[in-house]
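Note sheet for the following structure.
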Protein chains: 2
Amino acid sequence: MIDKLDFILALAREKHFGRAAEACGVTQPTLSAGVKQLEEQMGVLLVNRGSRFQSFTPEGERVLDWARRIVGDTRSMREEINSLRHGLTGRLRIAAIPTALAMVAALTTPYRQRHPNVQFTIYSRTSIEILELLDNLEIDAGITYLENEPVGRVNSTPLYHERYRLLTSADAPLGNRETVTWAEVAQVPLCLLTPDMQNRRIIDRLIKSAGGESRPTLESDSMILLFSHVRTGRWASVMPAKLAETLGLTDTLRAIPIVEPEASQTIGLVVPAREPMMPVTAALVEEAKRLSTSLDA
Amino acid sequence: MIDKLDFILALAREKHFGRAAEACGVTQPTLSAGVKQLEEQMGVLLVNRGSRFQSFTPEGERVLDWARRIVGDTRSMREEINSLRHGLTGRLRIAAIPTALAMVAALTTPYRQRHPNVQFTIYSRTSIEILELLDNLEIDAGITYLENEPVGRVNSTPLYHERYRLLTSADAPLGNRETVTWAEVAQVPLCLLTPDMQNRRIIDRLIKSAGGESRPTLESDSMILLFSHVRTGRWASVMPAKLAETLGLTDTLRAIPIVEPEASQTIGLVVPAREPMMPVTAALVEEAKRLSTSLDA
DNA sequence: TGGGTTGATAGATATATTCTATCGTTAGGG
DNA sequence: CCCTAACGATAGAATATATCTATCAACCCA
């Protein structure tokens, strides 16, 4: 029964019987039979299908909702019982927005000291993708913006405030300044994240409200790529302060506070709002709370 | 998997492999094998057993907790999908304290008009038993005292206030009074519920605080029995006002308000605090809210 | 019309489940 | 101290379920 519910969860993710089957480690006929059996038990069609997957029926959507809960609880139960015997073990799947990647280590490092048997898988994703992954139980926690794009059932723990810096070389225009304004930044040719990233949308908004227009010379979905360009001394970018510090500044590379306005966004840990949480997840939230207070100081 | 979880829920109720098996509609070896399989999957003993059932291990208790949730959610899912097609159907299992039995009809009658395909099973139980039954998912809702003996995860809806009357014949001592005091009631030989009933404990407390002592001439766990005795004209009892009205008063049978103090207890509907509720249960709560407001008026 | 893709179906095989029958242990009574 | 009844575990057979491979039918797109 529970494995059948798992089938339709995979189907919801993949929207494709074959791929869903693969994701579940079974063959396509097995998955088809499982879905059909669920439909017979419920006495109602769950999936609209012509010659291919089309969509879930309204009843199917409701079953999906329950399935997420039931399958999640089953995993949580296994996790909890296992952790009673062996301490925390298993794999913690985290997704973070690119601009927060550098500070994930501040969370994972103390966690690992406390619970050495937990392994990590960390994905770089957009804030929207992170919420989808959480919804589909594909990750255990996300690190993303807390303020915007609120979503269904999640618990949030604030971690730190993202503040913006103009990253540029000292000999470039504005390179010698103590602060710059968003209006000035708007005049500089920038390397920025692609527009599907919320960080980019935030920066665009700030530039626009300062009367400028965002016309980056270079876009990428990789912060490393952006940074390596700035590093050459011939490009500039806007980055969160913490990230710039982590990547490393030199004499010639400066991170200049941007003012008017001195914008900030709250970044935090987001976990599925299920009670009780999986022990590994609960421990991560604990760690986040500790980290949050130490960063406040 | 889910049926195995059902096995241990039955085992927790029955504390006996054979009876638990019977309750699940399987044979004893099947249930034994199911429990053992769960234990293997979890990698830990769940049940302490010598030559007979002893207890659950700490891990077993945790699994029980999860099992209640998972099995309950599975039922809720089936219920919900079914009700999407056929309207509300199925059986609603309710347990009520004896003194509230008479007013259950005020809840079930309008419910049945709205949802004619729902069947009812109604048990008369003590308030403590009701909470246990709720915990074990053996009933869908309880009607009991809201104020005392609070318990874990339940949602309450107040229904009405229970006020006390001396039920006695007009020609008996006190029979001609408009009100009597608890101190006076303490002097009358009474027919009361057995001490495992909370109603009895409440009355005992009231008599005691009026300086009297509760020494009922007759005890029973059945309100009908108590009432039929009073009806003979040679006995007296203390009953909630609503119950006395329902059972019917005559010229010679009077229900006299008891004052000093004019005590009252809140009676309400109690359902498992699970989100979302089963549709049949949710509808019952709706009905309770409606009834509550109409009784307030 | 034809190749490629998708999901359903058939039949064979493997796995799991559940039953009946029986055994070993233990608690309690005489 | 032994006998008995009750309880839960185990063995083995019958059955049911699940899963696989192979293939088919419908559909899409060129």
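Proteins come first, then strands; the chains are lettered A, B, ... in the order of their sequence lines, and each starts at number 1.
To the nearest angstrom, C1' of dG7(C) lies 12 Å from CD of Glu39(A). Atom CG of Leu31(B) and atom P of dC19(C) are 10 Å apart (whole Å). Between the C1' atom of dG8(D) and the CG atom of Leu46(B) lies a distance of 16 Å, rounded to the nearest Å. One can place CD of Glu40(B) at 15 Å from C1' of dT15(C), the figure rounded to the nearest angstrom. Between Lys36(A) atom NZ and dG7(C) atom P the separation is 15 Å, expressed in whole Å.
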Please walk me through it: do Met42(A) and Glu59(A) pass side chain to side chain contact (heavy atoms under 4.5 Å, CB included)? CA-CA 9 Å; Met42(A) 297 289 170; Glu59(A) 293 86 355; over 6 Å; no
Working note: Thr74(A) + Leu5(A), criterion side chain to side chain contact (heavy atoms under 4.5 Å, CB included); need CA distance, chi angles, decisive distance, verdict. CA-CA 11 Å; Thr74(A) 307; Leu5(A) 293 178; over 6 Å; no
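Between the side chains of Gln28(A) and Ser32(A), at least one donor-acceptor pair of N or O atoms lies under 3.5 Å.
A heavy-atom distance below 4.0 Å to DNA chain D is reached by none of the residues of residues 54-64 of chain A.
Here the options are Ile139(A), Leu146(A), Asn155(A), Ile143(A), the test is side-chain contact (heavy atoms from CB on, under 4.5 Å), and the partner is Val270(A); only Leu146(A) passes.
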Mind listing the N/O atom pairs, protein and nucleotides 3-7 of chain D, below 3.5 Å?
residue : atom : partner  : partner atom : Å
dC7(D)  : OP1  : His16(B) : NE2          : 3.1
dC7(D)  : O5'  : His16(B) : NE2          : 3.3

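Minimum interatomic distance between Trp66(B) and Glu80(A) (heavy atoms only, all atoms of both residues): NE1-OE1, 2.9 Å.
In the helix from dT1(C)-dA30(D) to dG30(C)-dC1(D), the rotation axis of the first five pairs and that of the last five pairs differ in direction by 30°, rounded to 10 degrees.
Residues forming a side chain to side chain contact (heavy atoms under 4.5 Å, CB included) with Ala10(B) (at least two apart in sequence, or on another chain): Arg13(B), Ala20(B), Cys24(B). Applying the side chain to side chain contact (heavy atoms under 4.5 Å, CB included) criterion to Asn48(B), with sequence neighbours excluded, gives Gln54(B), Ser55(B), Thr57(B).
Between the side chain of His16(A) and the backbone N or O of Arg19(A) there is at least one donor-acceptor pair closer than 3.5 Å. One N or O on the side chain of Glu39(A) and one on the backbone of Val47(A) form a donor-acceptor pair closer than 3.5 Å. For Arg93(B) (side chain) and Glu138(B) (main-chain N/O), a donor-acceptor pair under 3.5 Å exists by modelled atom type.
Interatomic distance, Ile70(B) CD1 to Met77(A) CE, rounded to the nearest 0.5 Å: 4.5 Å. The structure places CG of Asn199(B) at 4.0 Å from CD1 of Ile203(B), a figure rounded to the nearest 0.5 Å. Note that the CD atom of Glu286(B) and the CG atom of Leu269(B) stand 11.0 Å from one another [nearest 0.5 Å].
Listed pair Ser32(B) / dG8(D) fails the phosphate criterion, with no side-chain N or O lying under 4.0 Å from OP1 or OP2.
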Classify every nucleotide of nucleotides 11-25 of chain D by which part a protein heavy atom approaches to under 4.0 Å, writing B for the base, S for the sugar-phosphate alone and - for neither, in 5'-to-3' order. -------SSBBB---
